[in-house]
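Data first, discussion second: the structure below is written as structure tokens.
Throughout, a chain's letter reflects where its sequence line sits, starting with A, and its residues are numbered from 1. Predicted model only: the values in this text are computed from it and were never measured.
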4 protein chains.
Amino acid sequence: MINNVVLVGRMTRDAELRYTPSNQAVATFTLAVNRNFKNQSGEREADFINVVIWRQQAENLANWAKKGALIGVTGRIQTRSYDNQQGQRVYVTEVVAESFQLLESRTAREGQGGAYQSNPGNSFAGGSDFGSSYQAPAQSTPNFAREESPFGSSNPMDISDDDLPF
Amino acid sequence: MINNVVLVGRMTRDAELRYTPSNQAVATFTLAVNRNFKNQSGEREADFINVVIWRQQAENLANWAKKGALIGVTGRIQTRSYDNQQGQRVYVTEVVAESFQLLESRTAREGQGGAYQSNPGNSFAGGSDFGSSYQAPAQSTPNFAREESPFGSSNPMDISDDDLPF
Amino acid sequence: MINNVVLVGRMTRDAELRYTPSNQAVATFTLAVNRNFKNQSGEREADFINVVIWRQQAENLANWAKKGALIGVTGRIQTRSYDNQQGQRVYVTEVVAESFQLLESRTAREGQGGAYQSNPGNSFAGGSDFGSSYQAPAQSTPNFAREESPFGSSNPMDISDDDLPF
Amino acid sequence: MINNVVLVGRMTRDAELRYTPSNQAVATFTLAVNRNFKNQSGEREADFINVVIWRQQAENLANWAKKGALIGVTGRIQTRSYDNQQGQRVYVTEVVAESFQLLESRTAREGQGGAYQSNPGNSFAGGSDFGSSYQAPAQSTPNFAREESPFGSSNPMDISDDDLPF
DNA sequence: TTTT
DNA sequence: TTTT
């Protein structure tokens, strides 16, 4: 059935990149998507949407898209549930990204900063690849398992290899 | 910023139609959207996505789209939070529908009305509205307030008139 | 870059299913998508959108979705051009479908027709798979070549194997 | 029926802003949307998609989004036809934008570079609106008429007031 | 007739 | 707490 999402927003923090026991990369992050209308007090609010992305794209995103970066995302809405420490069922709704596009890196936003960038860790000197988009090779689109997303998961270790479809 | 959702799925129950103190109609319902891939056990799972719809469309939907109905929805993802009875902050992610389309009503699905149907020729009971779509008159698109969605709200009365933008 | 389309509409005719020299299936069809507003004369018009679909899905669609069928489609907009018989450049804009979903077959619309259906050619007795969706196996998403779409192509034979990416 | 488009791409030229006889603003432009895959020769191609936008947003876009600007657009696909000078029917497929978002202006792209730029600190000329999005006030969404789009129209004057719904 |  |  049709389940189609497109978002453009800014990353509220650097993505969290993790690896499943079978060594699949997963990145999670939150996108702040500003609303196109104002609230009663005349302020423009935002929706804070949790996003999961897998495999090569998880690594690409974690490498290139840092806190504050403006990115575009296409994907689908996923719901799941788990039992928390207090034994209560928790329901989660998040976006599983199928592709992302870096629209503006933080370094780009802050100005080109010159050649003598001191922090190589999050420098985005490139710019040449600016506006390009990453998309998983088609054959890598997984049949996502129930435990696919580690967001809000009480314990990352509860993603066992057996739950993973690849 | 871009925040765009399209869903096709089945209503898990009849919609809940309510009215705010200022008499605005709001309907909430859950859409079961079947996934296009199977899980590890070879089963086709579904995402259960909460949807809110306002005003005239809320009433149209509550009238025409019942439990089991196949509908299409366009809208956006909204996030909000509230404090529950135990004083814990609860985060909610849901879809605010801007338009919906009845794709298959229950009566249509069930065929021409059971055993004693006499007119097989134009058997589509309730079918006059079939395939039509409802969209709020443009001027009625509200500037949604923070409390716009009553889903999971501990108390419907916490939608006060002051929180509503229309 | 983001290029995302979702349509729900009715097939104006049966799809045309063809095979490229390298034996890739391609189906083309036109979707009539009714507008959600009326024109000046108070009539509800439609957009007639050309769609191309490839490989296994082309065959599935050609088999199951006939003239009049209500279907959902996700994909992207593609533009291309060719020179017609008069040597003029013709510009084409169409949708390349990545997945489709049968929402209502013609036989379903016309009533269930009974078990003794006489015309096996376009019978859709099933219904059990109704509302299911077909999606190409991930690895089959091709790198589409310039000549990918045969719509309005002056000569189907001008899709040579060399132009095809798979 | 559902007819939903989201695009991110670059303007191939400045938009053409025109006014109908009844003084409605209409802007037309072409978006180059780069594909996320390569063709047979290993080159990344683009789709060149014609877009129409109306009223206040037409003026905003023509003001702020110039040739080369990276913009996001949401809207729908529209088809129409007209007879050209040679009396042949011409079929047109284009996108009618409902909202747009400036993702990167040309001045931003070029960096503080400008020769005579005096304030490198907040070097983003015109950048105050960066990342913001424009959306027509809801009440201004028109019931589009058949002749709504002037693209490829042999004569702009054939958009008569009588054809316009507002 | 095309953008970076 | 889930639809076909």
Side-chain angles (χ1 to χ4, degrees), chain A residues 1 3 79-81 88-91 93 101-104 108 126-133, chain B residues 7-16 28-35 43-51 65-73 103-106 108-111 151-152, chain C residues 1 3 79-81 88-91 93 101-104 108 126-133, chain D residues 7-16 28-36 43-51 65-73 103-111 151-152:
Chain A
M1 287 177 166
N3 183 341
T79 60
R80 62 190 169 86
S81 61
Q88 304 154 171
R89 182 119 283 219
V90 179
Y91 293 90
T93 300
Q101 181 184 12
L102 220 207
L103 297 170
E104 183 212 44
S128 57
D129 55 341
F130 194 92
S132 72
S133 71
Chain B
L7 303 173
V8 170
R10 289 194 187 276
M11 294 176 65
T12 62
R13 327 189 53 172
D14 287 8
E16 289 192 23
T28 58
F29 59 98
T30 299
L31 225 47
V33 182
N34 294 138
R35 296 183 181 169
E43 295 147 7
R44 196 169 291 278
E45 296 181 341
D47 295 289
F48 295 93
I49 301 171
N50 289 335
V51 185
K66 300 295 185 182
K67 178 180 177 175
L70 184 70
I71 71 173
V73 148
L103 297 170
E104 184 211 46
S105 67
R106 177 134 98 118
R109 191 172 74 251
E110 288 172 348
F151 259 123
Chain C
M1 289 177 162
N3 184 339
T79 60
R80 62 190 168 88
S81 61
Q88 303 154 173
R89 181 120 283 215
V90 179
Y91 293 90
T93 299
Q101 181 183 12
L102 220 207
L103 297 170
E104 183 211 47
S128 59
D129 55 341
F130 194 92
S132 71
S133 70
Chain D
L7 303 173
V8 170
R10 290 193 187 275
M11 293 176 65
T12 61
R13 327 189 52 173
D14 289 6
E16 290 192 23
T28 56
F29 59 99
T30 298
L31 225 47
V33 182
N34 294 137
R35 296 183 180 168
N36 296 326
E43 296 148 6
R44 196 169 292 278
E45 296 180 340
D47 295 290
F48 295 92
I49 302 171
N50 291 334
V51 185
K66 300 296 185 180
K67 178 178 176 175
L70 184 71
I71 72 173
V73 148
L103 296 171
E104 185 210 45
S105 66
R106 175 134 97 118
T107 47
R109 190 170 74 250
E110 290 171 348
F151 258 124

Arg35(D) side chain to Arg44(D) main-chain N or O, any donor-acceptor pair under 3.5 Å? no
Name the closest nucleotide to the Arg89(C) side chain, picking from dT1(E), dT3(F), dT1(F). dT1(E)
Distance in angstrom units between Arg10(D) CZ and dT3(E) P, rounded: 11 Å
Check every atom of dT3(E), dT3(F), dT1(E) against the side chain of Ala46(B) and return the nucleotide holding the closest atom. dT3(F)
d(CG, Leu31(B); P, dT3(F)) in whole Å: 13 Å
Below 4.0 Å: OP1/OP2 of dT1(E) and any side-chain N or O of Arg13(D): no
Of the listed nucleotides dT1(F), dT3(E), dT2(E), the one nearest the side chain of Asn50(D): dT2(E)
Report the distance from atom CD of Glu104(B) to atom CZ of Arg10(B), rounding to the nearest 0.5 Å. 4.5 Å
Looking only at side-chain atoms of Arg109(D), point me to the closest of dT4(E), dT1(F), dT3(F). dT4(E)
Distance in angstrom units between Lys67(D) NZ and dT1(E) C1', rounded: 11 Å
Round to the nearest Å and state the distance from Asn34(B) atom CG to dT4(F) atom P. 10 Å
The criterion is side-chain contact (heavy atoms from CB on, under 4.5 Å); which residues satisfy it with Thr79(A), sequence neighbours excluded? Thr93(A), Asp47(B), Phe48(B), Ile49(B)
Figure out the CG/P separation between Asp47(B) and dT1(F), and round it to whole Å. 16 Å
Write down the distance between CD1 (Ile49(B)) and P (dT1(F)), rounded to a whole number of angstrom. 18 Å
Output yes when a side-chain donor or acceptor of Asn3(C) lies under 3.5 Å from a complementary backbone atom of Leu7(D), and no otherwise. no
What's the NZ-C1' distance between Lys66(B) and dT2(F), to the nearest Å? 18 Å
Expressed in angstrom and rounded to an integer, what is the separation of Glu104(D) atom CD from dT3(E) atom C1'? 11 Å
